[in-house]
Amino acid sequence: MLGDGTEWLTSRLFIAIVMVERMRGVKACVFVERSANSERSFLAVATIRELRQALSRRYPWLEVAWLQSLLSIYPGLPPIAPNTEWHPDPKRISAGGPPQLNESGSFTPYDARSIVARFIESLQRNEMNPDPGQVYIETEWVSLRSSKERAQWVSRELLATLLPNAAFEAWAPNLRDAPRAQLTRAVLRRPGPFVALVDGNREFSRLTNRGALLEETAAKLGEEPDDKPH
């Protein structure tokens, strides 16, 4: 939910999509906004990979912050001193210790919280105790209560510069009482691997996997017998 454009920061969006993909296998992100007729008006849909790449191209420091936060949970690594170059040696990382990962590769809740906290911390600077030797491009920073964070507010206008036009067109009407074949055709006509189904006033209802639907349709066609020669 974008709200009025001051509810999500690019930094928080980045770490959110990275973690939900790793922890829950989420494949896509749907953006909705508040409109005159709906609290959940559809705006755009993008795969996690597409969105992460778009954010990383625009804000490359997000990937650096992610790598630092991920490395922070590994044992046997020295602390990272401020304003110094630090490159971990994979030959020195111990085996069999933390982080504890399950079969899907997701983190424990403790490690997940630690990663998120470290990620956010690495992108903030304390306004009460500023670093006099550091020069910042202020337009890249957002003011919070007692700190500033290197991020931008996620708004409709920002998304329009990050995502392709197809992301805003990946929706179809939610034909609740129509035959399934009619809904299938409506979804397959739209671009992208995922399509949002919307009710009246473009209110978001649910997300459908267009790629899986396409494969299912192709499989059914493949099961149909060939026409016999006359």
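Being a predicted model, the structure only gives us computed values, none of them experimental.
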*Do V20 and L13 belong together in a cluster built from hydrophobic side chains that touch within less than 4.5 Å?*
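Yes, because V20 and L13 connect within a single hydrophobic cluster, where side-chain heavy atoms sit under 4.5 Å apart.
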
*Determine, using the 4.5 Å side-chain heavy-atom cutoff (strictly less than), whether V18 and V64 are members of one ILVMFWY cluster.*
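No.
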
Measuring from [X]:[atom1] to [Y]:[atom2], what's the distance to the nearest 0.5 Å?
X: S69; Y: D111; atom1: OG; atom2: CG; result: 11.5 Å
X: N201; Y: E39; atom1: CG; atom2: CD; result: 12.0 Å
X: I115; Y: M23; atom1: CD1; atom2: CE; result: 8.5 Å
X: R185; Y: L175; atom1: CZ; atom2: CG; result: 10.0 Å

*Shortest non-hydrogen contact from V154 to T10?*
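What the structure gives for the nearest pair is CG2-N, 3.7 Å.
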
*Taking only residues two or more places apart in sequence, or in another chain, which ones meet Y110 in a ring-ring contact (aromatic ring centres under 6.0 Å, His included)?*
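By the ring-ring contact (aromatic ring centres under 6.0 Å, His included) rule, Y110 matches no residue at all.
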
_I'd like to check the ring-ring contact (aromatic ring centres under 6.0 Å, His included) partners of W66; sequence neighbours left out, ordered by chain and number._
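For W66, no residue satisfies ring-ring contact (aromatic ring centres under 6.0 Å, His included) once neighbours in sequence are set aside.
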
What pairs with [X] under side-chain hydrogen bond (donor to acceptor under 3.5 Å, both in side chains), at least two apart in sequence or on another chain?
X: E140; value: R150
X: Q124; value: E149
X: E138; value: R125, K148
X: S155; value: E157

*Show the numbers, then the answer: is there a side-chain contact (heavy atoms from CB on, under 4.5 Å) between N209 and V195?*
CA-CA 7 Å; N209 189 328; V195 174; over 6 Å; no

*S38: what forms a side-chain contact (heavy atoms from CB on, under 4.5 Å) with it, not counting sequence neighbours?*
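If we apply the side-chain contact (heavy atoms from CB on, under 4.5 Å) test to S38, skipping adjacent residues, the hits are S35, R40, S41, E203.
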
*Would you please name every residue forming a side-chain contact (heavy atoms from CB on, under 4.5 Å) with L67, sequence neighbours left out?*
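Checked L67 against side-chain contact (heavy atoms from CB on, under 4.5 Å); zero matches.
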
*asked:* Set out, in order, the CA-CA distance, both residues' side-chain angles and the distance that settles side-chain contact (heavy atoms from CB on, under 4.5 Å) for I17 and L55, then state yes or no.
replied: CA-CA 11 Å; I17 63 174; L55 288 167; 4.2 Å; yes

Show the atom names and distances, to 0.1 Å, of all donor-acceptor pairs under 3.5 Å that link a side chain in residues 45-53 to residues at least two apart or in another chain.
residue: T47; atom: OG1; partner: E50; partner atom: N; Å: 3.0
residue: R52; atom: NE; partner: E63; partner atom: OE2; Å: 3.0
residue: R52; atom: NH2; partner: E63; partner atom: OE1; Å: 3.0

*Linked hydrophobic residues, L144 as query - side chain contacts closer than 4.5 Å*: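 Same cluster as L144: L9, V142, W153.
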
Mind checking whether [X] and [Y] have side chains closer than 4.5 Å, heavy atoms only?
X: F194; Y: T208; result: no
X: L183; Y: L197; result: yes
X: L62; Y: S11; result: yes
X: F42; Y: E33; result: no

*Mind jotting down which residue pairs meet the ring pair (Phe, Tyr, Trp, His ring centres under 6.0 Å) criterion with at least one end in residues 10-40? Sequence neighbours excluded, please.*
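Of all non-adjacent pairs touching residues 10-40, those that pass ring pair (Phe, Tyr, Trp, His ring centres under 6.0 Å) are F14-F119.
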
*Take F107 and V116, measure what side-chain contact (heavy atoms from CB on, under 4.5 Å) needs, and give me the verdict at the end.*
CA-CA 11 Å; F107 305 106; V116 172; over 6 Å; no

Can you give the donor-acceptor pairs under 3.5 Å from side chains of residues 158-174 to other protein atoms, not counting sequence neighbours?
residue: T161; atom: OG1; partner: R58; partner atom: NH1; Å: 3.4
residue: T161; atom: OG1; partner: R58; partner atom: NH2; Å: 3.1
residue: T161; atom: OG1; partner: L158; partner atom: O; Å: 2.6
residue: N174; atom: ND2; partner: D199; partner atom: OD1; Å: 3.3
residue: N174; atom: ND2; partner: S205; partner atom: OG; Å: 3.2

*Just by distance, do the side chain of R210 and the backbone of L188 share a donor-acceptor pair under 3.5 Å?*
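Judged by distance alone, yes, a pair lies under 3.5 Å.
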
